[in-house]
Amino acid sequence: MRRRTHSATKYESRAEAPGNARNVGLARRVGLARAISKLGYCSRSRAAELIAAGRVRLNDVVRRNAEAPVRLEQDKIEVDGREIRAAEKSYWMLNKPRGVVTTASDEKERETIYDFMGERGGWLAPVGRLDKASEGLLLLTNDSEWAARVLDPGGHVTKTYHVQISALAEEALLQGLRRGVREGTDFLRVERVHELRRGERNSWLEIVLREGKNRQIRRMLEALGVEVLRLVRVAIGALELGDLAKGESRKLSAAEKAAVESWKRTQ
């Protein structure tokens, strides 16, 4: 299976405005690699490689310093002799399979999310992450402003997970998740939790998070002495994974994109 050469970069929480290299409405200076990323051309790490290779010109001068200051509202950036202009905004959802890493350049040659995205006409970055053992709904976009709003804890966009655990979900466990646990320097708690169904030795839970910290659900359950068998993200805000097949991806409709953003205003 062919590997993509660009690198995925998780978006930062600062809102970033669209535009081209001459008119993006940001007054402050940013580094050259970051400027290229902000314009949606490629990831910051890939931009740094292009700069080091001498393929990037800033105001008609070749620059090899990834941190060279750029005034996005004024300066001209070219890659391989072509001026960069902001790419058309694109929004995708992927049903990430288990065992796939949320990156594009993996030194261990593991399957990545980009092995399932095919050619999408430009660079897309994941909106947040799912760890290798987790599966389900993952958003990708080249719109860093939208991604920042989705990821911003103050935006209160919920993430919903179905979690199979290696125990029967007694009320004490559910209450422990609701109260929260101290794990390292983090205090971790769920927004909501209830049991979906149970077998003889295990249960499926539905867990809703407001602010998802790194491996939060796994860390909480481990602290409570419970092993996670499967973890599937089934919704982000009002956007549901639905019947999208494992390993498949598709573009979001305007209504679906709006559903993610509007969810926080209705909760």
Side-chain angles (χ1 to χ4, degrees), residues 6-21 23-48 66-67 69-73 77 84-94 96 102-104 113-114 117 120 122-131 136-161 186 191 208-216 233 235-239 249 251-267:
H6 57 272
S7 295
T9 300
K10 182 179 177 181
Y11 281 123
E12 301 174 54
S13 60
R14 183 183 299 275
E16 299 165 332
N20 62 35
N23 62 20
V24 174
L26 295 175
R28 70 185 184 87
R29 295 181 182 225
V30 298
L32 180 56
R34 186 179 181 199
I36 293 172
S37 175
K38 286 164 94 55
L39 292 170
Y41 183 82
C42 63
S43 72
R44 196 189 307 187
S45 59
R46 175 58 179 157
E67 298 302 321
V70 175
R71 298 162 298 183
L72 278 171
E73 71 280 8
I77 303 171
I84 296 175
R85 297 186 179 275
E88 180 181 353
K89 300 307 180 186
S90 187
Y91 311 88
W92 288 79
M93 62 186 290
L94 167 71
K96 174 192 169 300
T102 309
T103 185
I113 57 173
Y114 291 98
M117 291 300 295
R120 301 303 179 190
W123 170 69
L124 298 172
V127 182
R129 292 183 182 273
L130 285 172
D131 64 38
L137 178 58
L138 183 68
L139 300 177
L140 298 99
T141 185
N142 60 359
D143 184 348
S144 56
E145 183 178 353
W146 181 76
R149 291 197 299 270
V150 174
L151 293 173
D152 182 10
H156 304 297
V157 176
T158 59
K159 282 80 174 178
T160 304
Y161 301 82
D186 292 328
E191 181 71 17
V208 178
L209 301 181
R210 286 279 182 192
E211 180 180 0
K213 297 181 180 178
N214 183 39
R215 301 182 73 253
Q216 179 170 339
R233 184 156 64 195
I236 298 175
L239 177 64
S249 63
K251 204 167 187 177
L252 296 186
S253 68
E256 288 172 328
K257 173 180 172 288
V260 175
E261 297 181 86
S262 64
W263 181 256
K264 62 185 178 183
R265 297 192 289 269
T266 61
Q267 296 301 294

Trainee: I'd like to check Lys89 versus Thr141 (side-chain heavy atoms, cut-off strictly below 4.5 Å). Are they in contact?
Mentor: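 Answer no - side chains too far apart.
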Trainee: How far does OH of Tyr161 sit from CG of Leu130, to the nearest 0.5 angstrom?
Mentor: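 Here the rounded value is 6.0 Å.
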Trainee: Leu124 pairs by side-chain contact (heavy atoms from CB on, under 4.5 Å) with which of Leu139, Leu140, Leu94?
Mentor: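 When Leu139, Leu140, Leu94 are each tested with Leu124, the side-chain contact (heavy atoms from CB on, under 4.5 Å) holds only for Leu140.
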Trainee: For residues Cys42 and Ala47, report the shortest heavy-atom separation together with the two atoms involved.
Mentor: SG-N, 3.6 Å
Trainee: For residues Lys213 and Gln216, report the shortest heavy-atom separation together with the two atoms involved.
Mentor: N-OE1, 2.9 Å
Trainee: Strictly distance-based, threshold 3.5 Å: is any side-chain N or O of Arg44 a donor or acceptor partner for the main-chain N or O of Ala33?
Mentor: no
Trainee: How many angstroms lie between CZ in Arg233 and NZ in Lys96, if you round to the nearest 0.5 Å?
Mentor: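 It is 9.5 Å, given to the nearest 0.5 Å.
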Trainee: Using the side-chain hydrogen bond (donor to acceptor under 3.5 Å, both in side chains) criterion, which residues pair with Tyr41? Sequence neighbours excluded.
Mentor: none
Trainee: Can you confirm whether Lys257 sits close enough to Trp146 that some side-chain heavy atom of one is under 4.5 Å from a side-chain heavy atom of the other?
Mentor: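 Answer yes - side chains close enough.
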Trainee: With no hydrogens and no angle check, is any side-chain donor or acceptor of Arg129 less than 3.5 Å from a backbone partner on Thr102?
Mentor: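 Indeed, once roles are kept as given, a pair shorter than 3.5 Å links the two residues.
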Trainee: Just to verify, what does Asp131 make a side-chain hydrogen bond (donor to acceptor under 3.5 Å, both in side chains) with, not counting sequence neighbours?
Mentor: Ser134, Arg218
Trainee: Under the side chain to side chain contact (heavy atoms under 4.5 Å, CB included) test, which residues partner Glu256, sequence neighbours left out?
Mentor: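 Per chain and number, Glu256 pairs via side chain to side chain contact (heavy atoms under 4.5 Å, CB included) with Leu239, Arg250, Leu252, Ser253.
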Trainee: Measure the CD1-CD1 distance between Ile84 and Ile77 for me, rounded to the nearest 0.5 Å.
Mentor: 5.5 Å
Trainee: List in chain and number order the residues that pass side chain to side chain contact (heavy atoms under 4.5 Å, CB included) with Glu191, two or more places apart in sequence or in another chain; answer none if no residue qualifies.
Mentor: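 Result, side chain to side chain contact (heavy atoms under 4.5 Å, CB included) vs Glu191: Arg189, Val208, Arg210.
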